[in-house]
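Presented below is the structure to which this report refers.
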Amino acid sequence: MTSAIDIPVLITAFTRYDTLLEVFMAVRKARPTRIYFACDGPRNEVDRGKCENVRALVKLVDWNCEINTLFHENNLGCKAAMVANLEWFFSNEEEGIILEDDVVPDATFFHFCQVLLQRYRHDLHVWAIVGNNLSAPLELTTSDSYWTSSHGLGAYWGWASWRRVWKQFDVDMKMWPTVRETPMFRNWFLSDVERREVYMLFEKTYSGKIRTAWDYQFDFAKILAGSVNIIPEANLCRNIGFGADGTHTVKVSDSRNSGVLQSARFPLIHPRSLEIDPVRDLAYFTKHVLPSRFNRVKAWVKRRLPDTVKESVTPLVRSIERKLRLG
């Protein structure tokens, strides 16, 4: 772990100064040779001041480093900004690390990515190297340094990939109507429950009901490619953005809100094969993706109610949800 970090790092941001400061301090310890810093534009005058403060954090780069910035003049929104940032990054680089403004990496995460980006650079079966492992035990006992997953939806909290992968991304999911009822799609999943949940998420993303996502589209492209993600045995990245300011992580009580941040052990021990681990994948889905029983029952009931009835019961359902959140 004595070599310099000679791979580019993309940092994406908007108005969250406090969390981004922690991200920058973590990157500062790693001292990569190239940084790409992209920030969405303000929605209003209040945002404008926050955006300026966030963009000023680039001054923390006080080592020998090439700095590239993309400061959007207008607000694009979460989805469009992230897609534009990634397009900018991968149009300039063949591979690299991506960190959002609320994802803090362990120092070893950068070396972990550097080794595996090179090892799997031309392996079309590998889609991305993910930094977080929400299922990591406190005491690491497995000898292998990582495993592979094809199912960890919506958890790209610190990751690395290649331009060859990004070229397959389609934010509009144009292939969805063609494949959603095919055996290829149905057979991808480990259970009927998982298939129904992912079908619903993809359908809402395709129709525009889910407006802020880019990662569901990224996962859909992964399924089309028949590829896998690499997951570290240790949890190398921690999301510190849970709370009211979050876009997708608004509940502090979220099961994914883990305070554990671990280190990779070097030299890395590579698994003999890149076969997925269905037991781990299903356990992750059950704990972190599958909605609560209350939400599943609510969705089942709503599907069976006439639209006029749905409108009348919605305030009551929201009241019950608020009471449940308050305990």
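It should be emphasised that the depicted structure is a prediction, and the values quoted were computed from it without experimental measurement.
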(message) Is the shortest side-chain heavy-atom distance between Phe14 and Val54 below 4.5 Å?
(response) no
(message) Could you tell me if the side chain of Ser161 sits less than 4.5 Å from the side chain of Trp166, heavy atoms only?
(response) no
(request) Give a yes or no on whether a salt bridge exists between Glu94 and Arg34, defined as a side-chain N under 4.0 angstrom from a carboxylate O. (result) no
(message) Rounded to the nearest 0.5 Å, what separates atom CD1 in Ile276 from atom CG in Leu190?
(response) 6.0 Å
(request) Following the transitive rule for hydrophobic clusters with a side-chain heavy-atom cut-off under 4.5 Å over Ile, Leu, Val, Met, Phe, Trp and Tyr, establish whether Val58 and Val27 coincide in one cluster. (result) yes
(request) Would you sort out whether Tyr199 and Glu181 count as a side chain to side chain contact (heavy atoms under 4.5 Å, CB included), showing the intermediate values? (result) CA-CA 10 Å; Tyr199 185 101; Glu181 302 297 344; 2.9 Å; yes
(message) I'd like to know if the side chain of Lys222 reaches the main chain of Ser150, judged simply by a donor and an acceptor atom lying under 3.5 Å from each other, with no hydrogens or angles considered.
(response) yes
(request) State, to 0.1 Å, how close Cys237 and Gly158 come at their nearest heavy-atom pair, and which atoms those are. (result) SG-CA, 3.9 Å
(request) Not counting sequence neighbours, which residues clear salt bridge (Lys or Arg N to Asp or Glu O under 4.0 Å) with Arg180? List them please. (result) Glu203
(message) Less than 4.5 Å apart, side chain to side chain, heavy atoms only: is that true for Tyr216 and Lys204?
(response) no
(message) In the structure I gave you, are the side-chain heavy atoms of His111 and Ile5 within less than 4.5 Å of one another anywhere?
(response) yes
(request) Answer yes or no: is there a side-chain heavy-atom contact under 4.5 Å between Leu99 and Phe110? (result) yes
(request) Check the hydrophobic clustering (I, L, V, M, F, W, Y; side-chain heavy atoms under 4.5 Å; chains of links allowed) and say if Leu117 and Leu124 are grouped together. (result) no
(request) Search all heavy atoms of Trp127 against all heavy atoms of Ala225 and return the closest pair with its distance. (result) CZ3-CB, 3.7 Å
(message) Do Val9 and Met25 sit in one hydrophobic cluster, given that two such residues count as connected whenever their side-chain heavy atoms are within less than 4.5 Å of each other, even indirectly?
(response) yes
(message) For a 4.5 angstrom cut-off between non-hydrogen side-chain atoms, does Val83 reach Phe169?
(response) yes
(message) If the condition is side-chain contact (heavy atoms from CB on, under 4.5 Å), which residues does Thr182 pass it with, not counting sequence neighbours?
(response) Val179, Met184, Phe185
(message) I'd like to know whether CD of Gln168 has more than 12 heavy-atom contacts from other residues, nucleotides or ligands below 6.0 angstrom.
(response) yes
(request) Would you tell me whether Asp101 and Thr19 have side-chain atoms, one donor and one acceptor, within less than 3.5 Å of each other? (result) no
(message) To the nearest 0.5 Å, what is the distance between CZ on Arg195 and CG on Asn187?
(response) 9.5 Å
(request) Start with the C-alpha gap between Val61 and Phe24, add the side-chain angles, then the distance that decides, and say whether side chain to side chain contact (heavy atoms under 4.5 Å, CB included) holds. (result) CA-CA 8 Å; Val61 180; Phe24 255 106; 4.0 Å; yes
(request) List the atom of Asn132, the atom of Asn235, and the distance in Å for their closest heavy-atom pair. (result) CA-OD1, 3.2 Å
(request) Look at the aromatic rings of Tyr156 and Trp214 and report parallel, tilted or perpendicular, splitting at 30° and 60°. (result) tilted
(request) Take the angle between the ring planes of His270 and Tyr146 and call it parallel below 30°, perpendicular above 60°, tilted in between. (result) perpendicular
(message) Any heavy-atom pair between the side chains of Tyr284 and Ile231 that's under 4.5 Å?
(response) no
(message) Within the supplied structure, the quantity of interest is the number of heavy atoms (other residues, nucleotides, ligands) at a distance under 6.0 Å from Asn64 CG; does it exceed 12?
(response) no
(request) Assign the ring pair Phe71 / Phe37 to parallel, tilted or perpendicular, where the plane angle (0 to 90°) is split at 30° and 60°. (result) perpendicular
(request) Drop me the distance from Cys78's SG to Glu100's CD, to the nearest 0.5 angstrom. (result) 7.0 Å
(message) Considering only residues two or more places apart or on different chains, which pairs with a residue in residues 52-63 satisfy side chain to side chain donor-acceptor pair (under 3.5 Å)?
(response) Arg28-Asp62
(request) Following the transitive rule for hydrophobic clusters with a side-chain heavy-atom cut-off under 4.5 Å over Ile, Leu, Val, Met, Phe, Trp and Tyr, establish whether Ile98 and Val165 coincide in one cluster. (result) yes
(request) If the plane angle is over 60° it's perpendicular, under 30° parallel, otherwise tilted; pick one for Phe218 and Trp159. (result) tilted
(request) Could you tell me which residues satisfy side-chain contact (heavy atoms from CB on, under 4.5 Å) with Lys167, sequence neighbours excluded, listed by chain and number? (result) Arg163
(message) If you compare all heavy atoms of Ser263 against all heavy atoms of Leu236, which two are closest, and at what distance to 0.1 Å?
(response) C-CD2, 3.8 Å
(message) Among Leu86, Leu70, Val103, Asn85, exactly one meets side chain to side chain contact (heavy atoms under 4.5 Å, CB included) together with Thr12. Which residue is that?
(response) Asn85
(request) Output, in order, the C-alpha distance, side-chain angles, deciding distance and verdict of side chain to side chain contact (heavy atoms under 4.5 Å, CB included) for Phe112 and Asp106. (result) CA-CA 10 Å; Phe112 181 83; Asp106 180 77; over 6 Å; no
(message) Let me check something: do Leu268 and Ile7 share a hydrophobic cluster, defined by ILVMFWY side-chain heavy atoms less than 4.5 Å apart, either directly or through other members?
(response) yes
(message) Show every salt bridge (Lys or Arg N to Asp or Glu O under 4.0 Å) that has at least one partner inside residues 115-135, sequence neighbours left out.
(response) Glu95-Arg121
(request) Please test Asp281 against Ser149 for side-chain hydrogen bond (donor to acceptor under 3.5 Å, both in side chains), starting from the C-alpha separation and ending with a verdict. (result) CA-CA 6 Å; Asp281 272 0; Ser149 168; 2.6 Å; yes
(request) Working to the nearest 0.5 Å, report the span between CD of Gln217 and CG of Asp172. (result) 8.5 Å
(request) Heavy atoms only: give me the nearest Lys79-Ala213 pair and the separation to one decimal. (result) CD-O, 2.9 Å
(request) Please assess Asn133 against Trp147 for the test side chain to side chain contact (heavy atoms under 4.5 Å, CB included), listing each intermediate value before the final yes or no. (result) CA-CA 10 Å; Asn133 176 4; Trp147 50 286; 3.9 Å; yes
(request) Determine whether more than 12 heavy atoms belonging to other residues, nucleotides or ligands lie under 6.0 Å from atom CZ of Arg211. (result) no
(request) Could you tell me which non-hydrogen atom of Phe220 sits nearest to which non-hydrogen atom of Met175, and how far apart they are? (result) CZ-C, 3.9 Å
(request) To the nearest 0.5 angstrom, please state how far the OG atom of Ser135 sits from the CZ atom of Arg280. (result) 8.0 Å
(message) Counting C-beta onward and ignoring hydrogens, is there a side-chain heavy-atom pair between Tyr120 and Leu274 closer than 4.5 Å?
(response) yes
(message) Show every side chain to side chain donor-acceptor pair (under 3.5 Å) that has at least one partner inside residues 38-49, sequence neighbours left out.
(response) Asp40-Asn75, Arg43-Asp47, Glu45-Arg48
